[in-house]
Every structure is written in C-alpha cells, then in structure tokens.
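Taking it in order: structure first as structure tokens, then the write-up.
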There are 2 protein chains.
Amino acid sequence: MLVHLRPTQEDFEARAKVMKALAHPTRLMMIEELSRGERCVCELRDLADRDLSTVSKHLSILKDTGIVEDEKRGKQVFYRLRVPCVLNFFHCLDSVLTARDRLG
Amino acid sequence: MLVHLRPTQEDFEARAKVMKALAHPTRLMMIEELSRGERCVCELRDLADRDLSTVSKHLSILKDTGIVEDEKRGKQVFYRLRVPCVLNFFHCLDSVLTARDRLG
DNA sequence: GAAACACTTGGCAATATTGCCAAATAAAAA
DNA sequence: TTTTTATTTGGCAATATTGCCAAGTGTTTC
C-alpha cells in the first residue's frame, strides 16, 4: 500500500463512519467492558442501565461497523471485540481532555 | 493515576465528546492536513470545498474539544494540531474497515 | 405444544448535527 | 477613513441520532 497518497474523500467518509460508531458514551463503555472478555447482551444492559432494545441497537451499530462480532449460544448472544486496537484510543482521548484542562 | 478503576459515566461522556469531534469526514481531513503543519482557514476551505462559515464551524468544534489551537497573525488565523496522538487513530480505523471487508 | 426467556426490529418523538446564507467583526490596504 | 480581505457568528431548514415502547423471532423449558 502506497503510504504517501492522500486519502480520498471516500476514505475520510469511511473512517468517519467508524469514528461515529465509537462516538457514544454507552458504546465506549461497552467496548471497554468487552476488552475484558466476551459479554452477553443482558450483562451489557445491566451495565448500561438502558432498555434492552436500546442496548441491542448500540451493539448492532458496533457490529455493522466491524468493531465487534456476535455469537449465539443457547438463548444468549455473546459479543466480543473484533478489532482491539480501538482500545488504544482511550489514552489519547484522555490526553486531549487533560490538554484542554491545562489551557483554555 | 490508578489504572484499574473503571471509568465513570462522566469519563465515558467526556471521551465520547472528543470522539464526536473527530467523527466527521471534513474534520478528519482537516486533522490529516494539519499533521503536515499549520494551515490558515482559507487553505482548509479550499481542501474541504465547503462554505467558509462551515469550515470555520468545524474548526471551532475541534478547538473547543482541545484537539487544535489557533493563532491570529495579520488577517489570517492559523490552526495547528495540539494533540498529535489522534493521528494514530487512522491506522486503526483502516484496520477496522479491512477487517469488516474480509468477513461480513 | 405452551410459556418463558433473550434478544432484535419497527415505529416514533425528542434532540443533535450539518451546511448554507446573511450579517457582524477585525485587521490591513488604499 | 473607506474598502477589501479573512474569519466568526446567528439563524434556519434538512438530516441524522437516540431511546423508549410495542411487536416480532428464535430457543429452551415445562
């Protein structure tokens, strides 16, 4: 892959779609939780304190984007992180926040 | 900073705010461009092909979040990247995309 | 098979985001 | 000082996101 070509408009749109999937507190919480191992929808609902349908829709956004994958076992559906590098974002997000706190 | 405490709801909300600021194709393009050095608003407008007011508002979102900073010199306002670690996101975003392409 | 369980999907109202135009501001040039 | 250049801000319509309830799907348990 040639690394010095500027990304196209479509590249930025595709990337933004992934960022959007990450840009919600509940979904960030779910990702953090899934970094500890797979979880069923009901466990994530308890943590999120939201309606089950709401949690399910958040998960389907993450799944459609390719960030998580699911597997049905018995009555339950388990989700797990498919692309763990998104976890690296958290450190940087926090450093943006502390940078902003230090100055205006 | 104790690293094993789970982030609070507020932590996730603050992080999501930063992610949201990044979750737009035009703003991602601006960040990529600013990684090459400071740019004035007019240069970014030419690249974005959007109304100047639109570009200015995108930049103020990035500024309010703490991702970029601005400096007025003469007639122009120059923006530069304040927290370069956000550039590391791009590789991971692309790997999410290729992971999704490889499987459903 | 009927009931219970674990989800997903449809629909909709409330809210947030986006992008343009027009108007305001601020510095430089004439 | 008037005009031009560079940018920001206000306002608004179009669009997207969010979260709940209700209804639907697929398993398992009885």
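FYI, side chains are in, hydrogens and waters are out, and symmetry mates aren't considered; it's all heavy atoms of this structure. Numbered from 1 within each chain, the chains take letters A, B, ... in sequence-line order.
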Notebook entry, point to check: Listed in order of residue number, which residues of residues 22-47 of chain B have a non-hydrogen atom at under 4.0 Å from DNA chain D?
Noted result: B:Cys40, B:Val41, B:Cys42
Notebook entry, point to check: Which pairs, with at least one residue in residues 39-58 of chain A and sequence neighbours excluded, count as a salt bridge (charged side-chain N to carboxylate O under 4.0 Å, His left out)?
Noted result: A:Glu33-A:Arg39
Notebook entry, point to check: Which nucleotide sits closest to the side chain of B:Ser56: D:dA6, C:dC7, D:dT8?
Noted result: D:dT8
Item checked: Options D:dG26, C:dA28, C:dG11, nucleotide nearest the side-chain atoms of A:Lys57 -> C:dG11
Notebook entry, point to check: What is the distance from CZ of B:Arg50 to C1' of C:dT18, rounded to the nearest Å?
Noted result: 9 Å
Margin query: Quick check for you: to the nearest 0.5 Å, what is the distance between B:Met29 atom CE and A:Gln9 atom CD?
Written below: 7.5 Å
Notebook entry, point to check: Taking the six-membered ring for Trp, are A:His24 and A:His58 parallel (under 30°), tilted (30 to 60°) or perpendicular (over 60°)?
Noted result: tilted
Margin query: Just to verify, what does A:Tyr79 make a ring-ring contact (aromatic ring centres under 6.0 Å, His included) with, not counting sequence neighbours?
Written below: none
Notebook entry, point to check: Taking the inter-plane angle between the rings of A:Phe89 and B:Phe89 on a 0 to 90° scale, is it parallel (under 30°), tilted (30 to 60°) or perpendicular (over 60°)?
Noted result: parallel
Notebook entry, point to check: Where the side chain of A:His58 is defined as all heavy atoms beyond and including C-beta, which of C:dT8, D:dG19, D:dT29 is the nearest nucleotide?
Noted result: D:dG19
Next item on the list: State which of C:dA27, D:dT7, D:dG26 makes the closest approach to the side chain of B:Lys72.
Entry: C:dA27
Notebook entry, point to check: Side chain of B:Arg27, backbone of A:Ala16: donor and acceptor closer than 3.5 Å?
Noted result: no
Note to self: C:dA6, OP1 or OP2 - any side-chain N/O from A:Tyr79 closer than 4.0 Å?
What the structure shows: no
Notebook entry, point to check: In whole angstroms, how far is the C1' atom of D:dG26 from the CG atom of A:Asp70?
Noted result: 14 Å
Item checked: Distance, rounded to the nearest Å, where A:Lys75 contributes NZ and C:dA4 contributes C1' -> 7 Å
Notebook entry, point to check: What's the CG-P distance between B:Leu59 and C:dT18, to the nearest Å?
Noted result: 13 Å
Check: Atom CD of B:Glu13 to atom P of D:dT17: distance rounded to whole Å?
Finding: 19 Å
Next item on the list: Measure the distance from CD1 on B:Ile61 to P on C:dG19 and round it to the nearest whole Å.
Entry: 9 Å
Note to self: Between C:dC21 and B:Ser53, counting only base atoms on the nucleotide and side-chain atoms on the residue, is there a donor-acceptor pair under 3.5 Å?
What the structure shows: yes
Next item on the list: Could you state the atom-to-atom distance from CG of A:Leu52 to P of C:dG10 in whole Å?
Entry: 16 Å
Note to self: Nearest to the side chain of A:Thr54, heavy atoms from C-beta on, is which of D:dC20, C:dC20, D:dT7?
What the structure shows: D:dC20
Margin query: Between the side chains of B:Glu69 and A:Arg100, is the shortest nitrogen-to-carboxylate-oxygen separation below 4.0 Å, so that they form an ion pair?
Written below: no
Next item on the list: Round to a whole Å and report the spacing from NZ of B:Lys20 to C1' of C:dA16.
Entry: 7 Å
